[in-house]
Amino acid sequence: MSKLKIAIQKKGRLSEKSLALLRECGIKISNGTSKLKANAKNFPIEVLYLRDDDIPQYVEQQVADIGILGENEVIEKNKEVDVIENLGFAGCRLSLAIPKEIDYQGLEYFRGARIATSYPNILSNFFKTNNINAAIEEISGSVEIAPSIGLADAVCDIVSTGSTLFTNGLKEVETVITSQAVLVANPNLPAEKKAILDRLLFRIRAVQRASENKYILLNAPDNALEEIKSVLPGMKSPTILPLAQEGWSSLHSVVKEDEFWDVIDQLKTLGAQGILVVPIEKMVM
Ligand code: PRP
Ligand code: ZN
């Protein structure tokens, strides 16, 4: 039976979280990232551990069928791959940064300057759009040290927590693009691989939905039920069970993480008591 080959980052910001996502999808991978490849025990995929920078090319060439990587690499490399899903983790930005002691007055600083980056395409587009003529020095790693060794006046690099810039005496002055982890696929997958991808996507979406929602249980006086139901839509409608105590019911429903505190406030105002909120492990629609 054929397997779907998935490329993930071997070492870096995305590796641990990419593996965690597969784990949450119930996929057991035999060995760690020490080898180049690993097989899943209970799902027809093979994992390839690669440099994230190389993943767009490998997916285009179908060395890998799909891949998890930063949107930043997808845009920079501009290969023939389809972005299938935003994965919502490894959020970051590609930013311009300069030595912290410089008094930054605006984009003019970059006119005629030398900028070290691993993202020459994205950066030159950005400068073109802003009518800036600058010299882009393409380097593949340790971009942040370029100003201190006199290679460049600025850098354009990925910033997540900001600690890499900070420890290298740099400050972020312009955001070029924002990015997050995405799932990409070769656009011409054979039908049987496409079917495996669909199964995987089904699981990924269930995991994502679960992390965006909470299960809520509460007790409410029967005379407030109608109003409480209107703030708790649930997946269909809330489950309502009578309590042993006359005139009271228990309600079970699902709320969105980002609406959560607003909903709780309204429920309390409407007389809800004993509110319990629990994480959802998987949410299948
Ligand atoms: C980026 C960037 C920095 C780091 C920034 O590398 O090059 O090294 O992340 O993160 P921080 O703001 O939290 O310190 P990336 O993970 O994209 O890997 P790379 O080595 O493939 O460029
Ligand atoms: Zn990289």
Side-chain angles (χ1 to χ4, degrees), residues 5-22 32-37 47-61 63-64 66-79 81 83 85-100 102 104 110 113-126 134 136-149 151-185:
K5 287 179 282 179
I6 176 167
I8 66 171
Q9 191 188 34
K10 187 175 172 61
K11 198 171 131 289
R13 281 179 312 118
L14 292 111
S15 1
E16 199 27 62
K17 285 180 176 154
S18 306
L19 281 172
L21 175 63
L22 296 179
T33 57
S34 57
K35 301 228 170 66
L36 175 66
K37 290 181 187 183
V47 181
L48 308 179
Y49 301 108
L50 299 169
R51 286 193 46 156
D52 61 341
D53 319 41
D54 296 332
I55 293 177
Q57 183 183 341
Y58 284 145
V59 172
E60 182 185 74
Q61 296 171 342
V63 173
I66 64 171
I68 296 177
L69 76 166
E71 214 182 343
N72 50 299
E73 293 295 354
V74 180
I75 300 171
E76 174 64 26
K77 298 298 190 298
N78 196 22
K79 300 285 181 190
V81 298
V83 175
E85 188 88 353
N86 289 336
L87 298 173
F89 64 83
C92 64
R93 45 207 188 268
L94 178 67
S95 291
L96 283 158
I98 63 173
K100 67 173 189 304
I102 291 173
Y104 183 70
F110 298 100
R114 283 178 312 159
I115 300 106
T117 189
S118 310
Y119 299 88
N121 294 323
I122 298 175
L123 184 59
S124 67
N125 275 334
F126 176 80
I136 296 174
E137 304 281 351
E138 180 177 356
I139 47 180
S140 60
S142 303
V143 168
E144 62 279 0
I145 64 167
S148 62
I149 60 171
L151 181 70
D153 308 299
V155 301
C156 179
D157 201 9
I158 294 297
V159 184
S160 163
T161 60
S163 79
T164 302
L165 292 184
F166 182 80
T167 52
N168 286 281
L170 299 170
K171 64 177 175 190
E172 190 179 0
V173 292
E174 301 282 349
T175 302
V176 177
I177 58 163
T178 57
S179 173
Q180 63 169 301
V182 293
L183 183 73
V184 297

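On a predicted model such as this, the values are computed, not experimentally measured, just so you know. For the single chain, residues carry numbers from 1 onward in sequence order. Just follow the structure's listing: the first ligand is 1, and inside any ligand the first atom is 1.
In terms of protein heavy-atom proximity, atom 18 (O) of ligand 1 is nearest to Q9 NE2, 4.1 Å. In this structure, atom 8 (O) of ligand 1 lies nearest to the protein heavy atom T164 OG1, 4.0 Å. Regarding atom 5 (C) of ligand 1, its nearest protein heavy-atom neighbour is I158 O, 3.3 Å. In this structure, atom 22 (O) of ligand 1 lies nearest to the protein heavy atom Y119 OH, 4.7 Å.
Considering backbone and side-chain N/O atoms, S160 comes within less than 3.5 Å of an N/O atom of ligand 1. Checking only distances, R13 does come within under 3.5 Å of ligand 1, N or O to N or O.
Listed by number with element, the atoms of ligand 1 under 4.0 Å from a non-hydrogen atom of G162 are 11 (P), 12 (O), 13 (O). Less than 4.0 angstrom separates some heavy atom of D53 from each of these atoms of ligand 1: 21 (O). Close approach of ligand 1 to D157 is summarised as follows: ligand atoms under 4.0 Å from at least one heavy atom of the residue are 2 (C), 7 (O). Below 4.0 Å from some heavy atom of D52 lie the following atoms of ligand 1, by number and element: 21 (O). Counting the atoms of ligand 1 from 1 in the order shown, those under 4.0 Å from a heavy atom of T161 are 11 (P), 12 (O), 13 (O), 14 (O).
For D52, the N, O or S atom with the smallest separation from the Zn ion (ligand 2) is OD1. The nearest N/O/S atom of D53 to the Zn ion (ligand 2) is OD1.
Residue-level proximity to ligand 1 for N72 is absent, since no heavy atom of it falls below 4.0 angstrom.
Within a 6.0 Å sphere centred on CZ of F166, heavy atoms belonging to other residues, nucleotides or ligands number 12 at most. The environment of Y58 atom OH is sparse: at most 12 non-hydrogen atoms of other residues, nucleotides or ligands sit within 6.0 angstrom.
Distances from ligand 1 to the non-hydrogen atoms of G12 include no value under 4.0 Å.
Taking OG1 of T175 as the reference point, atom CG of L94 lies at 9.0 Å (rounded to 0.5 Å). In this structure, CD1 in I145 is found 7.5 Å from CD1 in I139, a value given to the nearest 0.5 Å. In this structure, NZ on K77 lies 4.5 Å from CG on D53, to the nearest 0.5 angstrom. Here CG of L69 is found 11.5 Å from CD1 of I8. Values are rounded to the nearest 0.5 Å. Atom CG in L14 sits 9.5 Å away from atom OG in S160 (nearest 0.5 Å). From E144, atom CD reaches atom CG of L170 across 8.0 Å, with rounding to the nearest 0.5 Å.
Proximity of atom 16 (O) of ligand 1 to the protein is indicated by at least one non-hydrogen atom lying closer than 4.0 angstrom. Less than 4.0 angstrom separates atom 10 (O) of ligand 1 from at least one non-hydrogen atom of the protein. Counting only heavy atoms, the protein gets under 4.0 Å from atom 13 (O) of ligand 1.
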Are Q180 and N86 close enough, and set up right, to give a side-chain contact (heavy atoms from CB on, under 4.5 Å), and what steps lead you there? CA-CA 7 Å; Q180 63 169 301; N86 289 336; 3.6 Å; yes

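Using modelled atom types, no side-chain atom of K10 and backbone atom of Y49 make a donor-acceptor pair closer than 3.5 Å.
Between R93 and E172 there is a salt bridge, since at least one side-chain N of the basic residue sits less than 4.0 Å from a carboxylate O of the acidic one.
Residue contact annotation: E73 places no N/O/S atom under 2.8 Å from the Zn ion (ligand 2).
Residue S18 forms a side-chain contact (heavy atoms from CB on, under 4.5 Å) with just one option from V47, D52, I68, I6, and that option is I68.
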